[in-house]
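From a predicted model like this one, the values you see are computed outputs, not experimental measurements.
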Amino acid sequence: MAVTSARQRDQRSIAADTYQNITLFTHACEIASEYADHRGTDAIDSHFGAMLFEHIFDNVKQRLEFGCRGSQHHTDTPNLQIFIHSIPSLSFLLSILTKIKFVFAIIAPLTSTTEMALRTHYCTDINENNVGERVELAGWVNSYRDHGGIIFIDLRDKTGLIQLVCDPADNEKAHKVASQIRDEYVLIAKGTVRRRGEGLENPRLKTGKIEVVVDELVIENRSEPMPFTLGDPNVGEDIRLKYRYLDLRQKEMFETFQLRSKAAIAARNLLDKHGFLEVETPILTKSTPEGARDYLVPSREHVGEFYALPQSPQLFKQLLMVGGFDRYFQIAKCFRDEDLRADRQPEFTQIDVEMSFCTQEDVMKVAEELLHAIFAACGHEIEIPFNRITYRESMEKYGNDRPDLRFGLELVDVIDLFEDCESPIFAEIAKYPKINRIKALKVPGGDNAFSRKIIKELEGFVTRFGAKGLAYIQVKEDGLKGPILKFLSDEAIETMKSRLDLQIGDIVFFGAGDRKVVWDYMGRLRSEVARRLDMIDENRFEFVWVVDFPMFELEEGALHLKALHHPFTMPKNIDEEDAEAIESDAYDIVLNGIELGGGSIRIHKLDIQKRVFSLLGISDEEAEEKFGFLLDALKFGAPPHGGFALGFDRLMMLLTKKESIRDVIAFPKTQSATCLLTHAPSPVDEAQLKELGIRIRKQPKSDAAE
RNA sequence: GCGGUGGUAGUUCAGUUGGUUAGAAUGCCGCCCUGUCACGGCGGAGGUCGCGAGUUCGAGUCUCGUCCACCGCGCCA
């Protein structure tokens with residue numbers, strides 16, 4: 001292998017830097033020019049800089065405080081050059097430009113500016129401008145076509161494909177090596193870039209106009225035949241997970257994780273800019289048995305005692321606020337030993353943020369800016385601030401606290417219309433409008449769309465969630481039809497008609513009973529109907545803040561209260577007699593019906609915290625034992641503080657429109673929480689257990705079957 | 001813990017009412033082929049039908065159990 005000289009290295013690195021700078025500059029100009037077009041100006045003239053500046057200034061006033069020294073530029077900057085030079089760095093310019101529909105991801109080149117000994121270019125870096133150049137490439141055999149004489153190889157690296165040509169007439173030795181290759185062999189190829197001949201171009205390849213005539217070919221490593229075909233969309237997920245490292249070779253996979261990286265870096269940059277300090281909190285920590293199950297880690301030094309993996313860095317970030325750090329963030333791994341779902345993994349990542357001396361508004365603003373920056377980094381311009389809805393309104397209109405606002409179909413209260421109705425069941429329900437609900441879901445055009453069979457299916461659907469049945473009214477040309485009509489007075493029917501604005505062809509579903517049950521199944525029905533009628537625009541991002549959460553919830557079948565958010569959330573009205581009427585400074589961010597994250601203002605006063613613990617039925621002794629360190633901390637001048645956390649995996653799942661969170665996690669677990677790649681969890685040596693003072697009481701299922 | 005769907009060649013799938021030697025495509029191996037890019041042609045290998053019982057003269061097919069994967073319920077302060 002030829003050793004690259006220091007001079008060559010320098011040249012390459014300069015070339016790469018220049019390339020990057022030129023790319024940035026070019027894109028800045030493009031944006032500028034687009035803006036100029038938009039304003040009706042033909043060319044980028046001397047006014048352009050000022051215009052762009054103003055445009056940016058309008059959009060990102062708050063950012064300019066950080067970077068641009070002084071604001072004197074905004075009226076008299078003569079041109080783009082000066083404007084750009086007035087910015088401290090290109091990356092800062094870039095971050096500003098993201099505000100004007102700018103896609104960070106596109107311009108950050110895949111090419112690294114650092115030296116690589118084994119290649120001069122990535123595959124798709126090569127184009128017609130390189131014709132005649134000698135290049136060195138490294139990668140995998142994506143496919144090969146051996147014609148007996150000439151051999152074509154599609155070489156692949158993370159950037160894409162390029163065609164190598166091995167012609168015995170050009171180089172017999174390279175051709176001989178090429179005749180041995182198979183799919184997924186690792187090659188290092190040297191050769192000359194050549195324009196493809198007339199009619200030989202491949203428009204489907206980015207590098208389809210050129211090819212590399214190989215004169216030196218090294219098989220760096222061989223590969224067994226692949227256990228599955230890369231790029232085949234039908235391959236089972238289990239085999240992909242078993243060979244995840246092969247699965248990751250697929251273009252779509254690389255792009256997903258590239259985007260994930262961009263998003264994480266954008267989050268870091270935004271929070272850094274706002275003065276947040278990134279701090280790592282412990283992974284080995286104390287078990288807090290409330291909430292989800294903990295993953296436990298036995299201690300060797302303290303036989304019989306256990307660490308727990310954190311379900312979230314909640315208490316530590318509060319302690320950082322007591323520690324005076326003022327603003328903290330972390331891209332934190334969290335662990336919950338609960339059953340999995342398509343959007344739930346036992347270990348997951350959240351962007352965790354906490355700040356001191358802040359109001360709920362301050363926290364929400366940071367969260368919005370953060371999401372805006374992340375979406376911008378991924379090529380999406382989202383509107384901030386987000387809409388808000390109270391918890392109560394969300395429950396009443398959408399049946400849950402994470403409404404999907406990509407479609408309408410609001411639930412409408414009709415309990416009053418059943419007060420004097422002739423059905424004893426409905427009348428009884430209507431007697432207690434505080435705890436019961438009768439909700440109507442009008443589906444415009446639903447009568448035409450839903451056959452008797454589909455309605456039966458929908459009834460089966462809601463029955464699974466506690467509905468006794470599914471009453472409905474069809475709006476026909478000759479009037480309303482449906483079994484419940486006979487119970488209602490003409491007046492009630494007329495009121496319903498106008499309240500629901502019924503039109504011919506509509507169908508109205510009714511849910512009646514305990515409010516929690518009705519909310520639940522009617523909310524689910526709402527989504528199910530929207531899905532069936534294809535009412536959901538998959539390309540929309542509908543954010544909403546759900547605010548004013550109740551502090552407590554009466555546990556089903558139990559006497560004591562349960563914290564709806566968590567017990568460290570600041571209650572708004574702790575002295576309220578009816579504990580269920582106590583609200584909290586808690587807020588959730590919901591995107592397209594999925595809870596992306598949430599946060600709250602925390603309790604920073606000892607007496608309030610103690611009061612909340614006691615309402616939750618946690619004794620002083622228990623509180624001391626579990627949260628003593630927090631209670632202690634609150635005694636020493638804890639500042640008012642609050643924060644939020646965003647589920648990063650879910651966020652990436654929504655951003656990449658994947659159906660499963662596993663698609664955005666490099667090495668995910670299966671639904672039974674195992675890793676098909678490493679076979680974790682697995683039994684351990686008796687000696688290891690002995691050292692930990694642990695004896696397994698029950699034989700594993702596979703052995704116990706005997 | 002519960003409900004649903006699936007498990008047949010390396011992969012993706014078909015397989016009739018229970019009835020000869022379980023098929024296809026692709027991949028793999030061998031030979032041929034100098035402009036392909038889903039290269040092409042000829043030939044070949046490859047299966048404990050997830051596993052275990054049962055019913056039957058006979059089971060990929062029917063029954064029961066079990067394991068694995070996925071979707072959902074419970075659970076996830």
Side-chain angles (χ1 to χ4, degrees), chain A residues 142-155 161-170 175 179 182-184 194 196-205 207-208 211 213 224-243 246 288-294 311-312 314 334-346 348 460-461 463-466 520-521 524 528 549 551-553 555-556 560-569 586 595 598 600 612-613 616 618 626 647 659-660 662 669-672 674 676 700-702 704-706:
Chain A
N142 194 66
S143 65
Y144 64 97
R145 296 171 290 281
D146 185 343
H147 288 250
I150 197 164
I151 297 171
F152 299 100
I153 302 166
D154 288 344
L155 189 73
L161 302 178
I162 190 167
Q163 176 165 281
L164 309 179
V165 187
C166 298
D167 193 326
D170 293 330
H175 177 265
S179 68
R182 294 291 181 269
D183 285 351
E184 300 304 318
R194 176 168 80 186
R196 292 200 190 184
E198 191 74 24
L200 298 178
E201 293 181 357
N202 182 354
R204 293 171 56 191
L205 277 188
T207 56
E211 61 194 7
V213 183
E224 287 190 11
M226 293 284 282
F228 62 91
T229 311
L230 293 185
D232 180 349
N234 296 320
V235 172
E237 195 184 1
D238 42 357
I239 191 138
R240 288 174 49 206
L241 290 179
K242 180 174 178 187
Y243 299 97
L246 300 180
T288 50
E290 267 188 276
R293 295 185 183 89
D294 286 319
Q311 294 180 26
S312 99
Q314 180 60 35
C334 305
F335 305 86
R336 291 178 193 177
D337 187 7
E338 294 294 344
D339 284 3
L340 289 78
R341 291 287 188 279
D343 62 352
R344 261 164 42 190
Q345 283 274 303
F348 59 97
F461 177 80
T463 308
R464 293 213 299 277
F465 302 105
D520 182 45
Y521 71 75
R524 291 176 191 266
E528 178 67 13
F549 273 77
M551 182 74 196
F552 303 106
E553 190 180 40
E555 185 96 302
E556 196 74 24
H560 70 276
L561 295 167
K562 183 178 136 184
L564 202 69
H565 196 70
H566 57 54
F568 319 109
T569 297
E595 184 193 328
S600 62
V612 167
F613 280 151
L616 288 170
I618 300 173
K626 284 177 184 164
E659 282 176 19
S660 160
R662 297 183 298 278
K669 306 268 188 299
T670 66
Q671 192 167 45
S672 57
T674 65
L676 293 178
K701 277 181 198 164
S702 50
E706 307 294 310

Problem - Interatomic distance, E211(A) atom CD to L205(A) atom CG [nearest 0.5 angstrom] - result: 11.0 Å
Exercise for the section: Check the angle between the aromatic planes of F568(A) and H566(A) and answer parallel, tilted or perpendicular using the 30° and 60° thresholds. Expected result: tilted
Exercise for the section: Compare all side-chain heavy atoms of Q311(A) with those of E338(A) and state whether any distance is below 4.5 angstrom. Expected result: no
Problem - Whole-angstrom distance between U12(B) and C28(B), as gauged at atom P - result: 16 Å
Practice task
Look at the aromatic rings of F549(A) and H565(A) and report parallel, tilted or perpendicular, splitting at 30° and 60°.
Solution key: tilted
Completion exercise
Between CG of L676(A) and P of C70(B) the distance, given in whole Å, is 7 Å
Handout entry: Note, Y144(A) side chain near R182(A) side chain (heavy atom, < 4.5 Å)
Key = yes
Completion exercise
To the nearest angstrom, the CD1-P distance between I239(A) and G7(B) comes to 16 Å
Exercise for the section: Considering only atom P, compute the distance from C49(B) to U61(B) and round it to an integer number of Å. Expected result: 10 Å
Practice task
Verify the contact: side-chain N or O of R662(A) to OP1 or OP2 of C71(B), cut-off strictly under 4.0 Å; return yes or no.
Solution key: yes
Scan nucleotides 34-38 of chain B against the protein and return all N/O pairs shorter than 3.5 Å with their distances rounded to 0.1 Å.
| residue | atom | partner | partner atom | Å |
| --- | --- | --- | --- | --- |
| U34(B) | OP2 | G149(A) | N | 3.4 |
| U34(B) | O4' | I150(A) | N | 3.4 |
| U34(B) | N3 | D167(A) | OD1 | 3.3 |
| G35(B) | O6 | R194(A) | NH2 | 2.8 |
| G35(B) | N1 | E211(A) | OE2 | 3.0 |
| G35(B) | N2 | E211(A) | OE1 | 2.7 |
| G35(B) | N2 | E211(A) | OE2 | 3.3 |
| U36(B) | O4' | H147(A) | NE2 | 3.3 |
| U36(B) | O2' | R145(A) | NE | 3.4 |
| U36(B) | O2 | R145(A) | NE | 2.5 |
| U36(B) | O2 | R145(A) | NH2 | 3.2 |
| U36(B) | O2 | Q163(A) | OE1 | 3.4 |
| U36(B) | N3 | Q163(A) | OE1 | 2.9 |
| U36(B) | N3 | Q163(A) | NE2 | 3.1 |
| U36(B) | O4 | Q163(A) | NE2 | 2.9 |
| U36(B) | O4 | R196(A) | NH1 | 3.4 |
| C37(B) | O4' | R145(A) | NE | 3.1 |
| C37(B) | O2 | Q163(A) | OE1 | 3.4 |
| C37(B) | O2 | N202(A) | ND2 | 3.1 |
| C37(B) | N3 | R196(A) | NH1 | 2.7 |
| C37(B) | N4 | R196(A) | NH1 | 3.4 |
| C37(B) | N4 | L200(A) | O | 2.5 |
| A38(B) | OP2 | R204(A) | NH1 | 2.7 |

Handout entry: Rounded distance (Å) that lies between atom P of U11(B) and atom CD of E224(A)
Key = 14 Å
Completion exercise
In 5'-to-3' order, the base (B), backbone-only (S) or no-contact (-) status of each nucleotide in nucleotides 25-31 of chain B, using a 4.0 angstrom heavy-atom cut-off, is ---SSS-
Exercise for the section: Considering only atom P, compute the distance from G27(B) to A38(B) and round it to an integer number of Å. Expected result: 12 Å
Completion exercise
Separation of U12(B) atom P from L230(A) atom CG, nearest Å, is 13 Å
Problem - P gap between G10(B) and G50(B), integer Å - result: 13 Å
Practice task
Can you tell me, in whole Å, how much space there is between the P of C76(B) and that of G4(B)?
Solution key: 24 Å
Handout entry: Gap in Å between the two C1' atoms, one belonging to G60(B) and one to G23(B), rounded
Key = 12 Å
Exercise for the section: Taking H175(A) for its side chain and G149(A) for its backbone only, find out whether a donor-acceptor pair lies under 3.5 Å. Expected result: yes
Practice task
Under 4.0 Å between any heavy atoms, over every strand shown, what does G236(A) touch: base, sugar-phosphate, or nothing? Just pick one.
Solution key: sugar-phosphate
Handout entry: Atom-pair distance (CG on N234(A); C1' on U11(B)), nearest Å
Key = 10 Å
Completion exercise
Applying salt bridge (charged side-chain N to carboxylate O under 4.0 Å, His left out) to R336(A) and not counting sequence neighbours gives none
Problem - Sidechain-backbone polar pair: T207(A) side chain, L161(A) backbone, donor-acceptor under 3.5 Å - result: yes
Problem - G58(B) and A14(B), which share atom name P, separated by this distance in whole Å - result: 29 Å
Problem - Pairwise distance CD(Q163(A)) to OG(S143(A)) - rounded to 0.5 angstrom - result: 8.5 Å
Problem - By side chain to side chain donor-acceptor pair (under 3.5 Å) - contacts of R196(A) (at least two apart) - result: none
Problem - Contact under 4.0 Å: S672(A) side-chain N or O vs A69(B) OP1/OP2 - result: yes
Fill in the blank from the handout: CE (M551(A)) and CG (L616(A)) are apart, to the nearest 0.5 Å, by 6.5 Å
Exercise for the section: Toss me the dot-bracket line for RNA chain B: Watson-Crick and G-U wobble, both under 3.5 Å, 5' to 3', using | for pairs to another strand and [ ] for crossers. Expected result: (((((((..((((.....[...)))).(((((.......))))).....(((((..]....))))))))))))....
Exercise for the section: To the nearest Å, give me how far apart CG (D238(A)) and P (G10(B)) are. Expected result: 14 Å
Practice task
Can you tell me the distance, in whole Å, between the CD atom of E659(A) and the P atom of U5(B)?
Solution key: 20 Å
Practice task
Check every strand shown and say whether E237(A) touches a base, only sugar-phosphate, or nothing at a heavy-atom separation below 4.0 Å.
Solution key: sugar-phosphate
Fill in the blank from the handout: Expected string for nucleotides 72-77 of chain B under the B/S/- scheme (protein heavy atoms, under 4.0 Å, primed atoms plus P, OP1, OP2 as sugar-phosphate) is BBBBBB
